Structure formats: C-alpha cells, structure tokens
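To start, the structure under review is shown below, and the notes come after it.
Bear in mind that the values here come from a model prediction, so they are computed numbers and not experimental data. Whatever order the structure lists ligands and atoms in, that order sets their numbers, starting from 1.
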Amino acid sequence: MHHSASASSLGPGGLDLSQAFFKPIQNTASPSSTKRHTKVSVIGVGNVGMAIAQTILTQDLADELALIDAKADKLRGEMLDLQHAAAFLPRTKIVASVDYAVTVGSDLCIVTAGARQNPGESRLNLLQRNVALFSHIIPPLAKYSPDSILLIVSNPVDVLTYVSWKMSGFPSNRVIGSGTNLDSSRFRFLIADHLDVNAQDVQAYIVGEHGDSSVALWSTISIGGVPVLSFLEKQQIAYEKETLENIHKAVVESAYEVISLKGYTSWAIGYSVANLARSLLRDQRKIHPVSVLAKGFYGIDGGDVFLSLPTQLGRGGVLGVTNIHLTDEEMERLRESAKTILEVQSQLGM
Ligand SMILES: NC(=O)C1=CN([C@@H]2O[C@H](COP(=O)(O)OP(=O)(O)OC[C@H]3O[C@@H](n4cnc5c(N)ncnc54)[C@H](O)[C@@H]3O)[C@@H](O)[C@H]2O)C=CC1
Ligand SMILES: CC(=O)C(=O)O
C-alpha cells in the first residue's frame, strides 16, 4: 500500500479540479526537458531518518522524497506530519510505503534503518542485528534504483557500507558511508569553541572508523587559511600534545554522551547527511571525510575495507580521494583503524 496525498483527487467523485483552476498554456516545453526531477529515498523513519528527511526538505534538495520503514503506522504518521508542513516549505512530493516500489528511480538512497546503541554500547556491537536487516533493504533498493547512489548511515556504518557494496553489486564510487563527516564537525565545533572562532572557518579532518578507532589529522587543522600547528611552532608557542589528545577523546566520547543524556543522536547527523546529499545531488565537488573503499589509499592494503578519507563528492558519487600529507603516526593510526574494521568484517564471511 502506497500512501500519498494528491490535491487533484480531492474533487467531487474524484474529479480532477486542477483544470478548473488553471487554464493550461499551450506549446510550452515539457517539464522534463527544462528541469531534472531529483528523487531521494530515506529508509528508516526513526530519529535519524526523520532528522535527515526534514533537513533535506527545508534545504530544498529534492523534488520527491520517498520514505520507507517496516512499521506502517509510524511511517504513515511521519509522512502526514511532514506533508502538513507544505505551506511553509519548498514544494516536494512526499510519498511513503512499506513496499520498496515507492523508491523507484531514486537518485540517492539514504539508509538509516536498524538497531541503535544502548547507553555505553559500542557501534560495532550492532553489526549482527543490522546486517540481517540489510539483506532485506539493499537488494530491493538496488533493484528499483539501479543507477542511484547509496548513502549508508546505520551503524556500524563502515562495515555496513562494505555490506551494502557487496549486496548491491554497485560500483564502489556509488556506495558511500556518512562516516566521519559528523565526527569532523564535532572536531571543528570543539576547536572553534576552544578558540572562539566560527566552526565554518575551521578546516580539520577526522578519518578512519566512525567510532572508537577514528584518527584526528592534527596536521590538517587550519583556521581562515592559517595552518594551526605549524603557526604555533613558528611562533615558538608551546602547546601540550595532551590538550590535542583530549580534544580527540571528546570527539570520540560525543555520541556516547548524547546517547546517555537523550537516548540517541539526531540533529547533527541530520545536518551532516543533508550536507552530503547537497554535494552529491548538486554536483558540488566538495571534499568530505566519508566512508569509501579505501584499499590502495594511504598504504591500506589488508583487504576491501570502507573507512573515511577526505573524498571529493559530486553527481557521480565519489570523484576522488585527496592526497593529504600524513605524519608517520597518523598513517600508523589509520592502518590500525582499518585493521579494527577488517577484524569485525571477517566475522561476516562475505
Ligand atoms: N552514522 C552515524 O553517524 C549515525 C548513525 N546512527 C545509526 O542510525 C541508525 C538509526 O538510529 P535511530 O534513527 O536513532 O533509530 P530508531 O530506532 O529511532 O529508528 C530505526 C528505524 O528503523 C526501522 N527499521 C527497523 N528494521 C527495518 C527494516 N527491516 N526495514 C525498514 N525499516 C526498519 C524501525 O522501524 C525504526 O523506525 C542506528 O543504527 C544508529 O546507530 C545514528 C546516529 C549517527
Ligand atoms: C550514534 C552515532 O554514530 C553518532 O552520533 O556518532
């Protein structure tokens, strides 16, 4: 059963009233020849899926938004609640169904369905539960939208991005995990807060696993174009390595803290994923730390592993991976992070 509301079906006896209100202008070009129709599907309408959906709507990123969940009532409720905001939002057709046919022809499929962490639980612990769900989610998405980009958000996101790549049969440039785009925002927030500057002026990357083994690239931090560590060194301003480690520790602890306080995280991941959706759908060619097939980059060669690297995103998905100069310690930590993910992945036998 598909749910959607259409004004044209509201006339007496199902009469199409649109013709009565508007006299069509003849000989105009068909809409398809003037503007591309952009369709986004969001799988899972829990805290995360809905934060993403509402950010995509407010930022006018899609012409059509399809929602999928296993719980039919919750799904219809969420669809209606969003549709009722139509008078305050850019025009977007919103549809919802438990049947994947509703996602047909999507440009971007965002997967947020699945179990989330209990307070204190690690992301990696969710693996078995969520892999089982993905076998019901990824094949139908690939079937109905064979040319789409898959953007995975459910945890553990790096391993589930690998699983989605395998299950979909898509080329790796069209399978992306939201990865450390969120961790990097938390990192930039903490640095900006520490120095009382705007987080948008802070460039700084967290790479590797979206989780406990993530890696802070201290050498990449710059503020308004000034590379911070080399600036401090040139000015002979002393800084404690421990201060840096504590900021990274705070990034890793961020999700645990929010989950222990409110039960889940939602707003920051909503903005993070909408930010990725914009770069992909609008061909922004922006660089984001996201989870991609990392084999062959930065000396990672132990197997097919997805983890976050600074990646250029555009309409074709992954356009390339930035070649940042890493210190020996950063390289070593990144390879350790890859090893952590591969060890978990090896339990899957796929
Ligand atoms: N990558 C990241 O940075 C982040 C990832 N997450 C992850 O996102 C996921 C979702 O988190 P929440 O939205 O808070 O959880 P939630 O429990 O609020 O929502 C999960 C939704 O998935 C649906 N679902 C379950 N099985 C399904 C299936 N087979 N098909 C379709 N829908 C199904 C449920 O009905 C529910 O509506 C979790 O795995 C969480 O760890 C959360 C925050 C950030
Ligand atoms: C839950 C999660 O992965 C996050 O907020 O980082």
- Item | Note, V45 side chain near M79 side chain (heavy atom, < 4.5 Å) |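 When only atoms from C-beta onward are counted, M79 and V45 do not touch, as no gap falls below 4.5 Å.
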Check your understanding: Below 4.5 Å, heavy atoms only, C-beta onward: do N118 and N125 meet side chain to side chain?
Key ->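 The answer is no; the side chains never approach within 4.5 Å.
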Original post:
Measuring from the heavy atoms of N130, does anything fall under 4.0 Å of ligand 1?
Top reply: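 Yes, N130 has heavy atoms under 4.0 Å from ligand 1.
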Heavy-atom gap H136 to ligand 1 smaller than 4.0 Å: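 For ligand 1, residue contact (heavy atoms, under 4.0 Å) with H136 is absent.
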Using a strict cut-off of 4.0 Å, indicate which atoms of ligand 2 neighbour a heavy atom of [X].
X    : value
L182 : 4 (C), 5 (O), 6 (O)
Q117 : 1 (C)
R186 : 4 (C), 5 (O), 6 (O)
A255 : 4 (C), 5 (O), 6 (O)

message = Quick one, K39 with D107, criterion salt bridge (charged side-chain N to carboxylate O under 4.0 Å, His left out). Give me CA distance, side-chain angles, the key distance, then yes/no.
response = CA-CA 5 Å; K39 178 166 176 176; D107 300 286; over 6 Å; no
Query - Step-by-step ring pair (Phe, Tyr, Trp, His ring centres under 6.0 Å) determination, Y239 to W218 - result: CA-CA 12 Å; Y239 62 89; W218 297 106; 9.0 Å; no
### Message
Contact between ligand 2 and R116 is defined here as a heavy atom of the residue under 4.0 Å from a ligand atom; is it met?
### Response
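It does not; every heavy atom stays at 4.0 Å or beyond.
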Examine ligand 2 and decide if any of its atoms is less than 4.0 Å from a heavy atom belonging to I269.
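Heavy atoms of I269 never come under 4.0 Å of ligand 2.
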[X] to [Y] - nearest heavy-atom pair and separation:
X    : Y    : value
G316 : I149 : C-CD1, 4.3 Å
R123 : H210 : NE-NE2, 3.1 Å
R129 : A115 : NH1-CB, 4.0 Å
T58  : L89  : CG2-CD2, 3.7 Å

Only one of H288, K286, R315, Q312 forms a side-chain hydrogen bond (donor to acceptor under 3.5 Å, both in side chains) with S279, so which one is it?
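The residue from H288, K286, R315, Q312 that satisfies side-chain hydrogen bond (donor to acceptor under 3.5 Å, both in side chains) with S279 turns out to be H288.
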Report the residue from E329, H325, E330 that forms a side-chain hydrogen bond (donor to acceptor under 3.5 Å, both in side chains) with S219.
->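 Among the candidates, only E330 passes.
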I need the atoms of ligand 1 closer than 4.0 Å to a non-hydrogen atom of K71, numbered in the order shown.
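The list of qualifying atoms is 35 (O).
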Exercise for review: Output the list of atoms in ligand 1 that are nearer than 4.0 Å to some heavy atom of L182, sorted by atom number.
Suggested key: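 Contacts of ligand 1 toward L182, numbered from 1: 3 (O).
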- Go through the steps to decide whether R36 and D63 satisfy the test salt bridge (charged side-chain N to carboxylate O under 4.0 Å, His left out), and finish with yes or no. CA-CA 9 Å; R36 225 189 145 272; D63 300 300; over 6 Å; no
When you measure from atom 4 (C) of ligand 1 to each heavy atom in I137, T112, N155, V111, which option holds the nearest one?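 It is N155 whose heavy atom sits nearest to atom 4 (C) of ligand 1.
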Which option out of E121, Q117, R116, H210 puts a heavy atom nearest to atom 15 (O) of ligand 1?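 The residue whose heavy atom sits nearest atom 15 (O) of ligand 1 is R116.
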Inset, instruction - Report the C-alpha separation of R333 and E245 in whole Å, then their side-chain angles, then the decisive distance to 0.1 Å, and conclude whether the salt bridge (charged side-chain N to carboxylate O under 4.0 Å, His left out) test is met. - result: CA-CA 13 Å; R333 288 190 179 189; E245 293 297 340; 3.7 Å; yes
Nearest protein heavy atom with distance in Å, relative to [atom]:
atom                    : result
atom 42 (C) of ligand 1 : V48 CG2, 3.4 Å
atom 22 (O) of ligand 1 : G114 N, 3.3 Å
atom 43 (C) of ligand 1 : T265 OG1, 3.1 Å
atom 32 (N) of ligand 1 : A70 N, 3.3 Å
atom 19 (O) of ligand 1 : G46 CA, 3.2 Å
atom 37 (O) of ligand 1 : D69 OD2, 2.7 Å

- [ ] Without swapping roles, check the side chain of T92 against the backbone of E64 for a donor-acceptor pair under 3.5 Å.
- [x]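 No, because the side chain of T92 does not come within donor-acceptor range (under 3.5 Å) of the backbone of E64.
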- Task: Begin with the C-alpha distance, continue with both residues' side-chain angles, and end with the deciding distance and a verdict on ring pair (Phe, Tyr, Trp, His ring centres under 6.0 Å) for F306 and W165.
- Result: CA-CA 10 Å; F306 280 70; W165 173 56; 5.6 Å; yes
Please report whether ligand 1 has a polar contact with [X], defined as an N or O pair separated by less than 3.5 Å (distance criterion only).
X    : answer
S154 : no
V153 : yes
K74  : no

Among I300, V292, V159, D158, find the one that has a side chain to side chain contact (heavy atoms under 4.5 Å, CB included) with V305.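 Between V305 and the candidates, side chain to side chain contact (heavy atoms under 4.5 Å, CB included) is satisfied uniquely by I300.
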Residue-level breakdown please: for [X] versus ligand 1, do any non-hydrogen atoms fall below 4.0 Å on the side chain, on the backbone, on both, or on neither?
X    : answer
A115 : backbone
A113 : both
L133 : side chain
R123 : neither
I269 : side chain

Side chain or backbone of E257 under 4.0 Å from ligand 2, or both, or neither, by non-hydrogen atoms?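 Within the 4.0 Å criterion, E257 makes no contact with ligand 2.
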So for ligand 2, is N155 a polar contact partner (N or O within less than 3.5 Å, distance only)?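 Yes; the residue has a nitrogen or oxygen that sits under 3.5 Å from a nitrogen or oxygen of the ligand.
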(Q) With clusters defined by side-chain heavy atoms of hydrophobic residues (ILVMFWY) lying less than 4.5 Å apart, directly or transitively, does M50 cluster with V153? (A)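 Result: yes, single cluster for both.
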